[in-house]
Amino acid sequence: MIDYSLYLVTDSHLSLGRTTAEVVASAVKGGVSCVQLREKNLTKHEFLDNAQILKELLAPLGIPLIINDYPDIALAVNAEGVHLGQNDMPVREARDLLGKNKLIGISAECLEDAIRAEQQGADYIGVSPVFATTSKADTGMPLGLEGIRRIRRHVRLPLVAIGGITSMNTGRVIAAGADGIAVISAIVSAASPEESARMLTELIAEARRVHHDCN
């Protein structure tokens, strides 16, 4: 069972001069449960180098590594899975390439995207964006908390909310039905990725406790 609670998405351009490995190593100490390597500005060779470094870092800790966009690199480094956007390789073709044991996540910008991803065999949904964000330029209109609730009512797959997630809205995102939050700048741009991850982990746990007590 994959723990999507605190899903870190990397971006070396927002990491205050620290390497991706340095940021990830710090963040996992604070409770990050899943890491997606997403480096839009690297060459594919550089991306592969980073993927190998992160795999060696995360594997002994039992934390899954997800590769953004590149199923071939996911296979090359034996990552746990791949995350694909609406304009990337279709789920069925990715499954044929990766096999049944690799995770496939899909970014869903509307309910129809999420339903289609589930029908085609995705393993989890990245609900994107929930709020307006400057960390990703390739996003649609914000779905808001009601967008999470709507997808939650119709899709059984784990939902990871991304886009504008901060310590101020984490509780509401979890209460709306997300299984986890995906963050970029909230961790990679923090003075201490470890402390930021720890705070977000505690907020997620508290939101789940309150939601459980109310139901």
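All heavy atoms count here, side chains included; hydrogens, waters and symmetry mates do not. All figures in this text were calculated on a predicted structure; none of them were measured in a lab.
To the nearest 0.5 Å, the span separating NE2 on H83 from OH on Y70 amounts to 14.5 Å. In this structure, CZ in R116 is found 10.5 Å from CG in L111, a value given to the nearest 0.5 Å. Here the straight-line distance linking atom OG of S167 with atom CD1 of I204 works out to 11.5 Å at 0.5 Å rounding. How far CG of L159 is from CD1 of I174: 10.0 Å, rounded to the nearest 0.5 Å. Taking CG of L200 as the reference point, atom CD of E195 lies at 11.0 Å (rounded to 0.5 Å). With rounding to the nearest 0.5 angstrom, the CD atom of E112 is 9.5 Å from the NE2 atom of H154.
Using a distance-only test at 3.5 Å, with no hydrogens or angles considered, a donor-acceptor pair links the side chain of S26 to the main chain of E194. With hydrogens and angles disregarded, a donor-acceptor distance shorter than 3.5 Å links the side chain of N169 to the backbone of G164. Under a 3.5 Å cut-off, the side chain of E109 and the backbone N or O of M141 do not form any donor-acceptor pair. Looking only at distances, no side-chain donor or acceptor of T170 sits under 3.5 Å from a matching main-chain atom of L203. In terms of modelled atom types and a separation under 3.5 Å, the side chain of R152 and the main chain of V155 share a donor-acceptor contact. With T201 contributing its side chain and A197 its backbone, the two residues share a donor-acceptor pair below 3.5 Å. Between the side chain of S15 and the backbone N or O of G17 there is no donor-acceptor pair closer than 3.5 Å.
Annotation: side chain of V82 is not in contact with side chain of L103 (no heavy-atom distance under 4.5 Å). Between I165 and V183 there is a side-chain heavy-atom pair separated by less than 4.5 Å. The shortest side-chain heavy-atom distance between N41 and H13 falls under the 4.5 Å cut-off. Using a 4.5 Å cut-off on side-chain heavy atoms (C-beta onward), F47 and I73 make contact. Residues E22 and P193 form no side-chain contact, since every pair of their non-hydrogen atoms from C-beta on lies 4.5 Å or further apart. E46 places a side-chain heavy atom less than 4.5 Å from the side chain of T43. Between E80 and I63 the shortest side-chain heavy-atom distance does not fall below 4.5 Å.
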> Taking it one step at a time, do R95 and D123 satisfy salt bridge (Lys or Arg N to Asp or Glu O under 4.0 Å)?
Replying inline: CA-CA 10 Å; R95 181 66 69 200; D123 294 292; 2.8 Å; yes
> Hey, mind stepping through R38 and K40 against side chain to side chain contact (heavy atoms under 4.5 Å, CB included) and telling me if it holds?
Replying inline: CA-CA 6 Å; R38 180 184 187 276; K40 292 288 188 180; 3.4 Å; yes
>> Checking V127 against I151 for the side chain to side chain contact (heavy atoms under 4.5 Å, CB included) test, could you report, in this order, the C-alpha distance in whole Å, the side-chain angles of both residues, the deciding distance, and whether it holds?
In response: CA-CA 8 Å; V127 180; I151 293 174; 4.1 Å; yes
> Hey, mind stepping through L8 and V188 against side chain to side chain contact (heavy atoms under 4.5 Å, CB included) and telling me if it holds?
Replying inline: CA-CA 8 Å; L8 172 62; V188 307; 3.9 Å; yes
> Do F131 and L145 pass the side chain to side chain contact (heavy atoms under 4.5 Å, CB included) test, and can you show the C-alpha distance, the side-chain angles, and the key distance before you say yes or no?
Replying inline: CA-CA 8 Å; F131 305 110; L145 297 175; 3.9 Å; yes
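Taken together through direct or relayed side-chain contacts under 4.5 Å among Ile, Leu, Val, Met, Phe, Trp and Tyr, V160 and L157 form part of one hydrophobic cluster. With hydrophobic clusters built from ILVMFWY side chains whose heavy atoms lie under 4.5 angstrom apart, L6 shares a cluster with Y124. Using a 4.5 Å cut-off between side-chain heavy atoms of Ile, Leu, Val, Met, Phe, Trp and Tyr, with links allowed through other members, I53 and I187 fall into different hydrophobic clusters. Connection of I115 to L84 is not established within any shared hydrophobic cluster, with ILVMFWY side chains joined at heavy-atom distances below 4.5 Å, either directly or through further cluster members. Both I2 and L54 are part of a single hydrophobic cluster, where members link through side-chain heavy atoms under 4.5 Å apart.
In summary, D69 and K44 do not engage in a salt bridge, as defined by a charged side-chain N under 4.0 Å from a carboxylate O. Ion pairing between a basic and an acidic side chain is recognised when a charged N comes within 4.0 Å of a carboxylate O; R198 and E202 show no such pairing. Between R153 and E146 there is a salt bridge, since a side-chain N of the basic residue sits under 4.0 Å from a carboxylate O of the acidic one.
The two residues G163 and P129 make their nearest non-hydrogen contact at CA-CB, 4.1 Å. Scanning both residues, A132 and P142, for their nearest heavy atoms gives N-CG, 3.7 Å. Scanning both residues, E56 and P60, for their nearest heavy atoms gives O-CD, 3.2 Å. Residues C34 and I66 come closest through the heavy atom pair SG-CG1, 3.9 Å. Among all heavy-atom pairs drawn from L98 and A74, the shortest one is CD2-CB, 4.4 Å. Here the shortest heavy-atom pairing between I125 and A108 reads CG2-CB, 3.5 Å.
Among the candidates L65, V35, L37, N50, the single residue satisfying the side-chain contact (heavy atoms from CB on, under 4.5 Å) test with V24 is V35.
Checking N78 against K102 by side-chain atom types alone, a donor-acceptor pair falls below 3.5 Å. There is a side-chain donor-acceptor pair under 3.5 Å between E39 and T10. Of the N and O atoms on the side chains of S5 and R208, at least one donor lies less than 3.5 Å from an acceptor on the other residue.
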